[in-house]
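All chains are named by letter (A, B, ...) in the order of the sequence lines, taking the proteins before the strands, and each is independently numbered beginning at 1. Everything quoted here is computed from the prediction, not taken from an experiment.
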2 protein chains.
Amino acid sequence: MSKAANTRTMILTKSFELIYKQGYQATSIDNILATTQVTKGAFFYHFKNKDEMGLAMINEIIFPGMYASLVTPLLNAKSPINDIHEMMRIVLLKVPFLRAKYGCPAVNLIEEMSPLNEEFKQALLKLTDQWQDAIKESINQGKASGEVRADVNAEYVACFVVAGYSGIRNMGKAAGSACYNIYLQELKNYLKQLG
Amino acid sequence: MSKAANTRTMILTKSFELIYKQGYQATSIDNILATTQVTKGAFFYHFKNKDEMGLAMINEIIFPGMYASLVTPLLNAKSPINDIHEMMRIVLLKVPFLRAKYGCPAVNLIEEMSPLNEEFKQALLKLTDQWQDAIKESINQGKASGEVRADVNAEYVACFVVAGYSGIRNMGKAAGSACYNIYLQELKNYLKQLG
DNA sequence: TGCATTACATACTAATTAGTATTTAAAAGC
DNA sequence: GCTTTTAAATACTAATTAGTATGTAATGCA
């Protein structure tokens with residue numbers, strides 16, 4: 001990676017960390033510069049304004065990072081009931097850079113920014129849409145294989161599961177990570193009953 | 001209500017509206033003053049700083065407002081499966097001052113402020129704790145009456161339902177209110193299967 | 001009625017904000 | 001080597017931020 005590309009990546013990575021913990025609006029450009037040692041000239045050379053940087057951060061850091069945890073494990077799923085639960089367990093308990101106190105960076109940004117910035121909203125929708133599609137597809141495969149009842153609506157299940165994730169991330173921020181285990185238990189009951 | 005108390009209430013009410021739509025940190029005191037016609041002197045007479053106002057807003061506007069929609073309908077519930085679903089339907093589709101685009105004011109504040117302000121977090125936890133207790137209690141009554149299976153864990157169900165609500169509020173911000181109906185359908189399936 | 005307290009009004013400050021203008025250094029191309 | 005483009009450094013600005021200092025009305029009550 002060239003030195004310039006390195007500077008750009010550094011800005012995005014550090015911005016991600018700060019925004020994940022503090023929120024987008026609460027993270028100032030000066031705050032980012034202070035923690036990256038990058039100068040204002042470099043920042044505004046790489047991004048024409050804060051929002052352009054924020055959008056790049058969503059597309060280049062958050063989207064691929066979350067996609068790998070949320071969607072990839074469901075592609076070529078063998079048993080949707082187990083695989084969806086396992087995907088959720090890993091996302092909630094095992095992904096190292098996510099902390100209960102700070103929730104999920106994608107959920108946080110949807111919450112804070114989707115009413116305020118249409119571009120952010122669309123970029124984040126892309127992730128949740130693809131996640132819902134992957135869940136729906138795996139449920140449909142479960143229906144084909146007989147693991148899931150024929151009367152189950154795959155799209156509804158996908159919506160319900162994604163909402164559950166966003167919600168438990170919210171709850172975890174205030175109540176702590178203990179609720180993750182309770183949620184995972186009850187998610188298992190819900191998923192089992194689809195079969 | 002005395003004139004002074006009226007000023008105070010006006011500040012809290014207008015602040016609620018602005019913070020609901022813009023977020024807490026994005027709503028400046030000057031912004032509140034401009035929309036209320038209240039002067040800075042009056043604001044700082046009633047509240048020693050912005051956070052004290054925010055806390056009062058949570059306790060005096062958000063808590064009672066949401067409690068009436070979330071908890072009250074479950075006290076003396078006759079049929080938990082129907083009553084929980086009906087409570088959710090009304091909260092999502094009928095409460096007039098709530099909009100899909102802006103989500104739920106309590107969920108928004110948990111998301112934005114619980115990692116940053118311990119007092120806010122505790123005040124908001126009080127609401128979600130009482131909501132979970134009310135759900136748990138109604139499930140337990142359902143178990144007593146035989147409507148709900150004996151092996152159902154009421155606490156787990158309460159956590160799962162509250163997470164679902166927070167999550168669908170988050171999803172609705174980006175995806176619009178159409179997902180509310182899908183969620184309600186699948187919530188009905190989930191609740192039915194408890195019986 | 002007088003006086004104290006309550007309630008509010010106005011003008012200010014110091015810090016922080018996003019963003020710009022200008023200059024300078026490093027690379028790349030020829 | 002020389003020039004052009006890329007990348008970054010520095011110094012600034014105008015607006016906005018939370019909060020203060022100080023003053024003045026309105027109100028309650030002895």
Query raised in the report: Relative to each other, are the rings of A:Y190 and B:Y190 parallel, tilted or perpendicular (30° and 60° limits)?
Result: perpendicular
Query raised in the report: Could you give the CG-to-P distance, from B:N6 to D:dA26, as a whole number of Å?
Result: 17 Å
Report task. Mind listing the closest non-hydrogen atom pair of B:Y20 and B:F97 along with its distance? Result -> CE2-O, 3.5 Å
Query raised in the report: Counting just side-chain N and O atoms, does A:Y45 come under 4.0 Å of either OP1 or OP2 of D:dA8?
Result: no
Query - Between P of D:dA7 and CE of A:M10, the distance in whole Å - result: 17 Å
Requested in this report: Identify whether the distance between the nearest side-chain nitrogen and carboxylate oxygen of A:E111 and A:R169 falls below 4.0 Å.
Outcome: no
**Report entry** A:L116 side chain near A:Q25 side chain, heavy-atom distance below 4.5 Å
**Finding:** yes
Query raised in the report: Which comes earlier along DNA chain C counting from the 5' end, the contact point of A:N31 or that of A:K48, where each point is its nearest nucleotide?
Result: A:N31
**Report entry** Separation of D:dT20 P from B:F43 CZ (nearest whole Å)
**Finding:** 12 Å
Query raised in the report: Contact class for A:D30 (heavy atom, under 4.0 Å): base, sugar-phosphate, or nothing?
Result: base
Query raised in the report: Base, sugar-phosphate alone, or nothing: which one does B:S28 contact when heavy atoms must sit under 4.0 Å apart?
Result: sugar-phosphate
Report task. Please list, in 5' to 3' order, the outermost nucleotides of DNA chain C lying under 4.0 Å from any heavy atom of chain A. Result -> C:dT17 to C:dT20
Query - B:I29 CD1 - D:dT20 C1' separation (whole Å) - result: 12 Å
Query raised in the report: Would you find a donor on one side and an acceptor on the other, under 3.5 Å apart, between the side chain of A:K143 and the backbone of A:V152?
Result: yes
Report task. Is it possible for you to check whether A:K126 lies under 6.0 Å from the centre of the six-membered ring of A:Y67, through NZ or CZ, and within 45° of that ring's axis? Result -> no
